[in-house]
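I have placed the structure first, in the form of structure tokens, so that the comments after it can refer back to it.
The shown structure was predicted, so the numbers you read here are calculated from the model rather than taken from an experiment. Every chain is numbered from 1, with letters handed out A, B, ... down the list of sequences. The figures here come from the full heavy-atom set of this structure, side chains too, leaving out hydrogens, waters and symmetry mates.
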Number of protein chains: 2
Amino acid sequence: MSGSTSPMKSVQRSFDVIDVLWELDGAGPTEIAEEMDIPRSTAHVYLQTLQSTGYVVNTDGRYELSHAFLAMGSRLKHRNQIYQASQTALEELAAETGEVVTLIVEEAGRAVFLHIERGETAIELGLYSGITIPLYSHASGKTILSTLSEDRVDEIIDRHGLDSITSETITDRATLLEKLESVRADGYAVDWDQQIEGMGTIGVPIVVDEQLKGSIGIACPTERVKSESYQTELLNRLRETNETITIKYQYGT
Amino acid sequence: MSGSTSPMKSVQRSFDVIDVLWELDGAGPTEIAEEMDIPRSTAHVYLQTLQSTGYVVNTDGRYELSHAFLAMGSRLKHRNQIYQASQTALEELAAETGEVVTLIVEEAGRAVFLHIERGETAIELGLYSGITIPLYSHASGKTILSTLSEDRVDEIIDRHGLDSITSETITDRATLLEKLESVRADGYAVDWDQQIEGMGTIGVPIVVDEQLKGSIGIACPTERVKSESYQTELLNRLRETNETITIKYQYGT
DNA sequence: TATCTCATCCAAAATGGTCGAACATTTAAT
DNA sequence: ATTAAATGTTCGACCATTTTGGATGAGATA
């Protein structure tokens, strides 16, 4: 199993440079050199090289991250089959419910938000495409965990831990496994205040041919999701949408 | 001026690996090695290293590009002030006109699409956030060129050429400069079939404090944009939207 | 003009990337 | 089951490449 070789210091450094460029919102060799504690000339070579790749641009003396990241990220998103199958359905769901509608997939044991749609009454959550959060701290992620083997869940917990994010976050392995058990039985998950105070979430897993493809969810104020009737309504709409997506995924447009 | 050093072979190679991973939609060391004509062991080290950066993930033996690209790209987009100032206004414009509404910025002499909004009757153009196209082949790009010095325009033409994309593309420097002259005078640009056959575009430059920030545009079928009255209507709405954006950019929310 | 600061270039020194070969593991074939 | 082929992974020694201090030049500041 994991945990071994990771050489290529120069490659790792080049990504460190990218991180610093992000943090400083652009910089020259000197700033990079100071921030990373390397000689100026070294910083310069890295910037030159990154520029030659197109991921960094030099606008009159100032090096900045280019939009190659956005381009590659968007292409990856649009090529993703589950996104293709979901897009229009999610738009409709957001319009109907007025809430925040999300599509996540699992990657390296974490939840990646592939797409976010906002309805009229949607709350602002600071979500954006590509952001990753833990799987255990919200309904959508729990539905994904609920489809994985217990070994796999243990592996993910080992890798990422069960840190408390709010006072309501589940931080106990046994409690989480119990919760996942009931999610598995119900086919959906609901929770609130576990990832962000005041945010309630509902999620259902997208399963095609017994293969987990991702999860769609709705996020809204905790108070709203606590209402049994509203919860049921959202759940029904989520399930309808899920059905639409599953069919489109299997049989194309 | 430019054109010299480009060392860091290993860093450049690591981005070649990324390109190959995109093209092959994921691959193992052997495939990478064959595609790039390098030893398997070398390919392996690169993949391991890229994995350690988080930009590549290994899902049971298969290495794939991760959503770190999407995350970084989205963060860059959302941090961009002109995007922040434009977002809601563009949504409204797309809803009102029903067409494809775009926000572009200049980067390294090319047009980068920062955002695309689609209305009800929008045509499908295969656009996505981050995609880059030339500046001279569509109205929005021309409005950007029209605000640059002639030296700058020459420099851009030298760097990227004036290749013909469709039969209508302007491929002659003098013709382009003339066109830019009239765009500068009018404060907007209209053209059709120059980037994509059947697509007509209208654009206006976003200028704040005499500084060019980008350009907003509308894309629709050529036939529609050829109608004088419709063209005028779109132009008026574009100008209104531009005004809204400019004010928001200067004075915040 | 003189004095900074900073980006860029250069060439010597040693670190670390490269690559062949061996090992481990999975897949396919017999 | 057993064998063979293919692929992922590890290892170590050589030498190409990265690294780095110092030189150069451009641009800003006083």
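- Between B:His44 and D:dT9 there is a side-chain N or O to OP1 or OP2 distance below 4.0 Å.
- The OH atom of A:Tyr63 sits 15 Å away from the P atom of C:dC6 (whole-angstrom rounding).
- Summarising the geometry, the separation between CD on B:Glu31 and C1' on D:dT7 is reported as 10 Å, rounded to the nearest angstrom.
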(message) Does the protein touch nucleotides 13-25 of chain C at the base, only the backbone, or not at all? Give it as B, S and - per nucleotide, heavy atoms under 4.0 Å.
(response) ---SSSBBB----
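- Residue pairs that meet the ring pair (Phe, Tyr, Trp, His ring centres under 6.0 Å) test with at least one member in residues 131-165 of chain B, sequence neighbours left out, do not exist here.
- With sequence neighbours excluded, the residues forming a side chain to side chain donor-acceptor pair (under 3.5 Å) with B:Tyr63 are B:Gln48, B:Asn58, listed by chain and number.
- For A:Thr132, the side chain to side chain donor-acceptor pair (under 3.5 Å) partners two or more places apart in sequence, or in a different chain, are A:Arg110.
- Take B:Ser74 and apply the side chain to side chain contact (heavy atoms under 4.5 Å, CB included) test, not counting sequence neighbours, and it matches A:Tyr128, A:Ser129, B:Leu70, B:His78.
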Restricting both atoms to N or O, compile the protein contacts to nucleotides 28-30 of chain D shorter than 3.5 Å, with distance only.
none

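- Across residues 22-30 of chain A, A:Gly28, A:Pro29, A:Thr30 each have a non-hydrogen atom less than 4.0 Å from an atom of DNA chain C (numbered order).
- Residue pairs meeting the salt bridge (charged side-chain N to carboxylate O under 4.0 Å, His left out) criterion with at least one partner in residues 46-56 of chain A, sequence neighbours excluded, are absent.
- With sequence neighbours excluded, no residue satisfies side chain to side chain contact (heavy atoms under 4.5 Å, CB included) with A:Glu210.
- Under the 30°/60° scheme for interplanar angles, the aromatic rings of B:Tyr55 and B:Phe69 are found to stand perpendicular.
- Every residue meeting the side chain to side chain contact (heavy atoms under 4.5 Å, CB included) condition with B:Glu150, not counting sequence neighbours, appears here in chain and number order: B:Asp154, B:Leu177.
- Regarding A:Arg62, its CZ atom lies at a distance of 13 Å from the P atom of C:dT8, rounded to whole Å.
- Residues satisfying the side chain to side chain contact (heavy atoms under 4.5 Å, CB included) test with A:Ala108, not counting sequence neighbours, are A:Arg159, B:Val57.
- Sorted by first then second residue, the salt bridge (charged side-chain N to carboxylate O under 4.0 Å, His left out) pairs that include residues 26-37 of chain A, not counting sequence neighbours, number zero.
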